[in-house]
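A short worksheet on the structure shown next.
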Amino acid sequence: MHWSDVMAQRLAQRGDKHIVATGITPSGEFHIGHLREILTGDMIARAARRAGMDAELVFVVDNADPLRKVYPFLDESYEAFIGHQLGSIPAPNDEGKPDWDRFNNEGWSYGDHFLQPFLEALRQIGVVPRLLPNLEAYQDGKFSKAAKIACDNPAAIREIIERVSGRELADDWFPWQPLDSKGSLDGLTITGYDYPLVHWTDCHGESGSSNIEKGEGKLPWRLDWPAKWGFNHITCEPFGKDHGAAGGSYDTGKEIALLFGHEPPAPLTYEWISLKGKGAMSSSSGNTVGPMEALRLVPPEILRFLVANSKPSKAIEFDTGMGLVNLADEYERLTARDFDAEMTEENLSRRKLVQLEDAKVALALSSVDEQDVASSTSISFRHMALLAQIKPKDEDVWTSLRDSGSLTEPTPQLKDRLKRMRAWIASEHFPEDMRVNICTAPDKEAIQALTDEQRLVLLHLNQTLVEADWTTDGITAAFKAAGEAAEVGMRDVYRACYALFMATERGPRLAPILSNCERGAILELTQASTGA
RNA sequence: GGGCCUGUAGCUCAGUCAGGUAGAGCGUCGGACUUUUAAUCCGAUGGUCGCGGGUUCGAACCCCGUCGGGCCCGCCA
């Protein structure tokens, strides 16, 4: 059974109405690791709906979290905002400096700045969750009930955290973090509690009171999380493995949730996505591929497939090079198969059946449109990569595909794919192995590997190419003429040509490529080969 | 120190929850197609399931141990 169905089955035992939560702190540029969080939630919700339940996906924006440090992309003036909540400080402008104008006029915050592009990426990938901004939830008093229970029972909370996490809390620890005189959550000392006020002194020598019902502070993360489960009625939540560890925040959270008076959600721990060869994705180190960048290169359904086809417990290595080609081609091949028919075959082993089922579900989950079943484009990623390189104009690509009978009219999906393909080819991520490279000088080794007859072809080619019309047909005719003159078959002609032009034994059809190359350079290359 | 995830074919991984003859895709090799847009089709190839014990008629799967990789137990998803 596919992992999303396993999860749906678990949910079915709890009830038939579900809210699947995801949550991210908008502290910096979002990356595809965050995409796994959202897509995992999205796929669970889809699986639940497929199983006949009512399921909604929500996205908690943790903009009540404080700025932890001055990241490399920030101006040092952000030093003053450390400890301040992400939803209440200005966004960085192009130079990394606080953009006060937008903040004052439009209320454009640090959190908004990083959230917006991510939401756009989500839309493209077919995920439109209900947003739950956390800072606003505090200000609206949604945390009041849980905050009161926590502040009324600090000993009980402390006991849970210390026992479950095995960590000792400071003597002056209190289950509420007030905002200080400057708006920071750091460096305060709690001096007393009088519902609904938490009294404090800060590091500036000021003192004051924080109303826990009005968002004048927040719950520490280990309480904040279970509190949200309650008033948002969360029944399921996938989260990164950091939260899933024994003694981690889910473990303490599920006990604290009971204290707050509700059941913890069904958990699902997922592994990180790392960048192939570059280690874990991290916003602060700049070692990221942003969702927008990824989507510029990769069709959304392929990105979905990557997540759908990997069990959550498996770490994913995101490879923007050959790995992507293989992934996309596997996806293409799967769309062309008829799983229902294959599953009715006799003598299917249980193992094989499981494999077919999982592939079928993963494919369905990869579709950007939930109602839509992925249709086969019957054009492999490889092939498209080749055409995009050979044909600078889109129309020529479609003509070529029409001629080979693989298409009548390009669908919007295909046009979209070609657009992304061109971006990919132009980027640093495009693998060298896939690049069509025409030699600038004869490759001696490749030419020496030819037979005498084949080398003879090159000699004649020198002549026939000079006389050729510089078009696909003209060049093809020149190849043929050279073969006839050398009295060898076309197989030898092509062997010789690939050795000369690409230093390979085989390759894509040469004539169309050469017709797009500069004639003089090719003739020069041919001439030089006869001396080699 | 405590815990979680992970190790299966050259590669990417299924299969472990319900023990019953080791699976898929890619790759590689061969053949076909009398020029193949790195194509397509067909066929073949391929694994002491990290290692050692135990339970069992039977273990990739359950139990114990051990080694390697990743990670968590800090108010950092």
Side-chain angles (χ1 to χ4, degrees), chain A residues 1 6 22-27 30 33-34 36-37 60 62 65-69 83 161 164-167 169-170 173 175 177 185-186 218-225 237-249 251-252 269-272 274 279-280 282-284 309-317 319 322-323 325-327 329-330 333-334 349-359 380 382-387 389-391 397 400-401 403-404 406 433-434 436 472 476 479-480 483 489-495 497-498 502 504-513:
Chain A
M1 209 189 313
V6 172
T22 59
I24 300 170
T25 305
S27 58
F30 283 61
H34 294 123
R36 189 175 203 177
E37 161 106 10
V60 177
D62 281 315
D65 290 358
L67 183 70
R68 282 271 139 247
K69 61 178 182 180
I161 294 179
V164 177
S165 77
R167 135 186 165 238
L169 296 172
W173 184 87
Q177 300 174 273
L185 295 163
D186 293 345
K218 76 181 286 281
L219 290 168
W221 164 247
R222 281 181 187 257
L223 294 121
D224 174 287
W225 199 23
E237 179 157 357
F239 45 81
K241 60 179 176 180
D242 49 345
H243 292 311
S249 47
D251 266 6
T252 52
T269 310
Y270 63 85
E271 256 281 358
W272 306 108
S274 64
S282 155
S283 303
S284 49
N309 199 39
S310 312
K311 288 197 304 187
S313 63
K314 283 280 185 188
I316 293 178
E317 270 203 0
D319 176 3
M322 281 313 285
V325 179
N326 293 330
L327 180 74
D329 281 349
E330 187 183 351
R333 277 190 300 271
L334 288 179
S349 64
R350 179 178 140 226
R351 202 167 280 165
K352 185 91 190 257
L353 191 66
V354 166
Q355 226 152 22
L356 288 171
E357 271 172 8
D358 283 0
S380 76
R382 276 196 153 76
H383 193 171
M384 185 72 107
L386 209 71
L387 289 177
Q389 287 181 84
I390 298 165
K391 316 274 187 189
V397 172
S400 167
L401 286 171
D403 291 349
S404 62
S406 33
D433 289 355
M434 293 285 294
V436 174
T472 298
T476 306
F479 285 166
K480 208 170 257 179
M490 289 312 286
R491 177 169 280 207
D492 287 321
V493 174
Y494 279 98
R495 272 300 290 273
C497 288
Y498 284 117
M502 299 185 70
T504 55
E505 290 186 11
R506 43 204 327 228
R509 193 176 276 189
L510 270 172
I513 299 174

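Just so you know, these numbers use all the heavy atoms, side chains as well, and skip hydrogens, waters and symmetry mates. Reminder, nothing fancy here: chain letters follow the sequence lines and each chain counts from 1. Small disclaimer: the values here were computed from a predicted structure and weren't measured.
Rounded to the nearest 0.5 Å, atoms CD (A:E37) and CD (A:E237) are 6.5 Å apart. Of the inter-residue distances, the one linking A:L223 atom CG with A:T252 atom OG1 reads 8.0 Å to the nearest 0.5 angstrom. For the atom pair A:F30 CZ and A:T25 OG1, the distance stands at 8.0 Å (nearest 0.5 Å). Here the straight-line distance linking atom NZ of A:K218 with atom CG of A:D65 works out to 4.5 Å at 0.5 Å rounding. Between the CD1 atom in A:I390 and the CD1 atom in A:I513 there is a gap of 4.0 Å [rounded to 0.5 Å].
For A:K311, a side-chain nitrogen or oxygen approaches OP1 or OP2 of B:G15 to under 4.0 Å. In this model, the phosphate group of B:U35 is not approached by any side-chain N or O of A:R495 to a distance below 4.0 Å at OP1 or OP2. Between A:S313 and B:U6 there is a side-chain N or O to OP1 or OP2 distance below 4.0 Å. Applying the 4.0 Å criterion to OP1 and OP2 of B:A14, one finds that A:K314 has a side-chain N or O inside that range. For the pair A:R68 and B:C76, the criterion of a side-chain N or O lying under 4.0 Å from OP1 or OP2 is not met.
Using atom C1' as the reference point in both B:G19 and B:U56, the two lie 9 Å apart (nearest Å). Atom C1' of B:G25 sits at a distance of 15 Å from the matching atom of B:U45, rounded to the whole Å. B:G52 and B:A39 are spaced 49 Å apart, taking the C1' atom of each and rounding to whole Å. With C1' as the reference atom, B:C49 and B:G2 are 29 Å apart, rounded to whole Å. Annotation: B:G47 and B:C11 have their P atoms spaced 13 Å apart (nearest Å). When the C1' atom is used for both B:C51 and B:G46, the distance is 23 Å, rounded to whole Å. Comparing B:C61 with B:A44, their P atoms sit 30 Å apart, to the nearest whole Å. Annotation: B:C72 and B:C26 have their P atoms spaced 37 Å apart (nearest Å).
The CE atom of A:M1 sits 10 Å away from the P atom of B:U16 (whole-angstrom rounding). Following rounding to the nearest Å, A:L334 (CG) and B:C26 (C1') show an atom-to-atom distance of 12 Å. A straight line from NZ of A:K241 to P of B:C5 spans 12 Å, rounded to a whole angstrom. Between the P atom of B:C76 and the CD1 atom of A:I24 lies a distance of 16 Å, rounded to the nearest Å. When rounded to the nearest whole Å, the span between CZ of A:R333 and C1' of B:U12 equals 12 Å. Nucleotide B:U37 holds its C1' atom 5 Å from the CG atom of A:L386, rounded to whole Å. Between the CD1 atom of A:I316 and the P atom of B:U6 there is a distance of 14 Å, given to the nearest Å. Taking atom CG on A:D358 and atom P on B:G23, their separation rounds to 17 Å, with Å as the unit.
A donor N or O paired with an acceptor N or O is found under 3.5 Å between the base of B:U35 and the side-chain atoms of A:K480.
Shortest non-hydrogen contact noted between A:W173 and A:P220 is CZ2-CG, 4.2 Å.
Residue-level contact check: A:I390 touches the bases, meaning some heavy atom is under 4.0 Å from a base atom. Base contact: A:L387 has a heavy atom under 4.0 Å from a base atom. Among the atoms of the strands shown, none is found under 4.0 Å from any heavy atom of A:F239.
Contact of the A:P508 side chain with the A:M502 side chain is registered, since non-hydrogen atoms from C-beta on lie closer than 4.5 Å.
Annotation: of the two residues near RNA chain B, A:G23 and A:V6, the 5′-most nearest-nucleotide partner is A:V6. Place A:D186 and A:S310 on RNA chain B by their nearest nucleotides, and A:S310 ends up nearer the 5' end.
Minimum atom distance to the side chain of A:V436 is reached by B:A38, of the listed B:A38, B:C73, B:U37. Closest to the A:Q355 side chain, of the nucleotides B:G23, B:U37, B:C26, is B:G23. Ranking B:A38, B:C72, B:U37 by closeness to the A:S400 side chain, first place goes to B:U37. Candidate nucleotides B:C73, B:G25, B:U37 were compared by shortest atom distance to the side chain of A:E330, and B:G25 ranks first. Closest to the A:Y494 side chain, of the nucleotides B:U35, B:C26, B:A14, is B:U35. Comparing atom distances between the A:S165 side chain and each of B:A38, B:U37, B:C73 picks out B:C73 as nearest.
Aromatic ring orientation, A:W221 versus A:W225: parallel (interplanar angle below 30°, classes split at 30° and 60°).
Across all strands shown, B:U66 pairs with B:G50; the Watson-Crick or G-U wobble distances both stay below 3.5 Å. When both pairing distances are held under 3.5 Å, B:U40 makes a Watson-Crick or G-U pair with B:A32.
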